[in-house]
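Here is the structure we will look at, set down as structure tokens.
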Amino acid sequence: MNNASNKKTITFISRQAPYGRNNSRLCLDMALASAVFEQQVNYVFLDDGVLQLVKDQNAESINSKTIGNALETLGLYGINDVCVDKKSLSRRNLQPTDLIIDVKMVDRSAIGELIRQSDCVFNL
Amino acid sequence: MSCLHTISQSPSRQLLDTCASVLETGDAVIFIEDGIYYCNQKESLAEFKVEFQVYSLVEDMNARGMLKRNLIDAELVNYQQFVELCCEYDKVVSWF
Amino acid sequence: MTNFLEIQDHRIALDKEGYLKDIQDWNEEIATALALLEQIRLSPSHWQILNLLRAFYKRHQMSPANRALSGLVKRKLGKDKGRSVYLMKLFSGSPAKMACKIAGLPKPDNCI
Amino acid sequence: MKFSIVVYAAPYSSEAAATAFNFTKTLLDQGHELYRLFFFGDGVHNANRLAVVAQDEVNLQQRWDQLITTHRLDAVVCVSSAIRRGLLDSQESERYELDAISVYGSSEIAGLGQLIDAVINSDRVVNFG
């Protein structure tokens with residue numbers, strides 16, 4: 001972390017459900033900005049964060065933008081290392097097929113390893 | 001690379017559970033704000049403390065009347081020491 | 001300080017940077033007029049990009065940054081057109097910004 | 001050591017804004033360098049110059065302003081968080097044809113690029129939310 005290389009590995013851990021609070025959107029915005037500025041980005045959905053990925057969201061009914069549809073753009077921004085915590089998913093009765101985008105299923109030790117390898121972690 | 005994790009919400013939010021599941025050897029936890037109520041828990045963090053160092057911010061303990069209720073025997077630190085810890089560990093991850 | 005775009009008998013309100021005040025006003029004729037204000041004469045190549053952008057916005061409810069615009073064009077129209085040189089030739093300086101303006105997408109808040 | 005601080009919490013709603021302030025002040029007192037202070041999400045309210053606080057309470061916004069001014073800190077308010085919460089400087093006020101300036105002159109309104117730049121150039125990034 002002390003070497004001033006211009007390319008850092010930044011891990012974003014998105015832990016909150018969509019809509020109730022705004023953290024999911026803030027987290028996505030930060031990650032997209034990191035990608036625009038050519039950083040190495042990991043994106044992790046953990047705890048309630050996995051609920052952002054549920055299919056069939058339509059937030060028009062609450063005058064909001066649909067976060068699931070925005071998450072589909074991660075790939076276009078070159079963010080391909082997108083992980084979901086298996087345990088968080090199964091605790092919420094969700095299967096990989098319930099999710100809006102293709103993601104890597106990982107366990108907690110893999111998330112710990114991502115944190116360890118990162119120069120900086122944003123966790124919200 | 002070692003990591004200092006700050007936890008700033010009360011135990012009812014269960015942030016320590018998730019945090020603990022991603023900790024690596026050499027990491028540490030510091031309780032701040034409502035996180036300091038972890039110090040008032042009956043269940044001891046003894047096992048956890050064998051592997052990980054546990055700190056608690058004294059200013060937040062004092063504010064909440066919890067200085068005498070450090071049941072888990074966390075190491076109390078002030079803001080100066082909090083800043084020093086952030087230097088000592090390679091990075092800081094905040095749980096809020 | 002409001003500007004107007006005069007189209008036949010209609011006056012369409014623009015803000016002072018030339019963005020539509022109300023994006024609901026947008027139609028193809030207005031796009032052509034908006035482009036002319038920027039000295040751009042819309043060709044089928046421009047329209048290919050503009051239509052992609054509008055479809056992207058409809059689905060994702062966001063305006064893409066340059067990086068995502070290139071990615072999107074690459075994915076849908078092939079590698080050659082996804083190159084930023086190609087997009088800059090069509091839409092000058094910052095292609096995502098300019099193309100969003102003409103396509104009637106919301107004014108970017110300059111965050112990214 | 002070179003720090004950057006990110007603040008997500010609004011003053012008076014969450015203790016985290018005050019924690020961030022105390023932490024920042026302490027690290028400066030200890031002689032560390034602050035590369036950038038970044039106000040994000042509700043954290044942008046920390047730069048509001050139009051807040052009024054009872055005389056026996058701490059005016060956190062004013063304290064931030066003094067700290068930033070005294071130490072000539074690089075303080076950035078995220079533009080997309082700021083404008084939707086009514087926090088404008090003269091430039092944004094003009095851009096959106098409004099007539100008020102609600103952000104302290106000691107902070108600058110800018111994009112998320114400034115946060116990524118802070119990540120690249122700091123030894124430690126500490127988040128308060």
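Every heavy atom of this structure was used, including side-chain atoms; hydrogens, water molecules and symmetry mates were not. Computed from a predicted model, the values in this text were never measured in an experiment. Order of the sequence lines sets the chain letters (A, B, ...), proteins ahead of strands, with each chain counted from 1.
Within a 6.0 Å radius of NZ in D:Lys25, no more than 12 heavy atoms belonging to other residues, nucleotides or ligands are found. Residue B:Asp17 qualifies as enclosed at atom CG: its count of foreign heavy atoms under 6.0 Å is above 12. The neighbour count for D:Gln91 CD, taken as heavy atoms of other residues, nucleotides or ligands under 6.0 Å away, does not exceed 12.
Here the shortest heavy-atom pairing between B:Cys87 and D:Arg124 reads O-NH2, 2.9 Å. Looking at every heavy atom in both residues, D:Gly129 comes nearest to B:Ser8 through O-OG, 4.1 Å.
Residue contact with chain B, scored on non-hydrogen atoms closer than 4.5 Å, is absent for D:Ala9.
Of the listed residues B:Gln9, B:Glu84, B:Glu59, B:Arg64, the one with more heavy-atom pairs under 4.5 angstrom with chain D than any other is B:Arg64. Of the listed residues (D:Thr26, D:Leu27, D:Asp29), the one with the most heavy-atom contacts under 4.5 Å to chain B is D:Thr26.
Within the 4.5 Å cutoff, no side-chain heavy atoms of B:Trp95 are placed close to those of D:Asn127. Looking at D:Asn22 and B:Phe82, their side chains never come closer than 4.5 Å, going by heavy atoms from C-beta outward.
Distance alone, capped at 3.5 Å, places no donor-acceptor pair between the B:Gln80 side chain and the D:Gln30 backbone.
Taking SG of B:Cys86 as the reference point, atom CZ of D:Phe3 lies at 5.5 Å (rounded to 0.5 Å). Taken to the nearest 0.5 Å, the CD1 atom of B:Ile32 stands 6.0 Å off from the CZ atom of D:Phe128.
Using the six-membered ring where Trp is involved, D:Tyr8 and B:Phe96 have ring planes that are tilted, between 30° and 60° apart.
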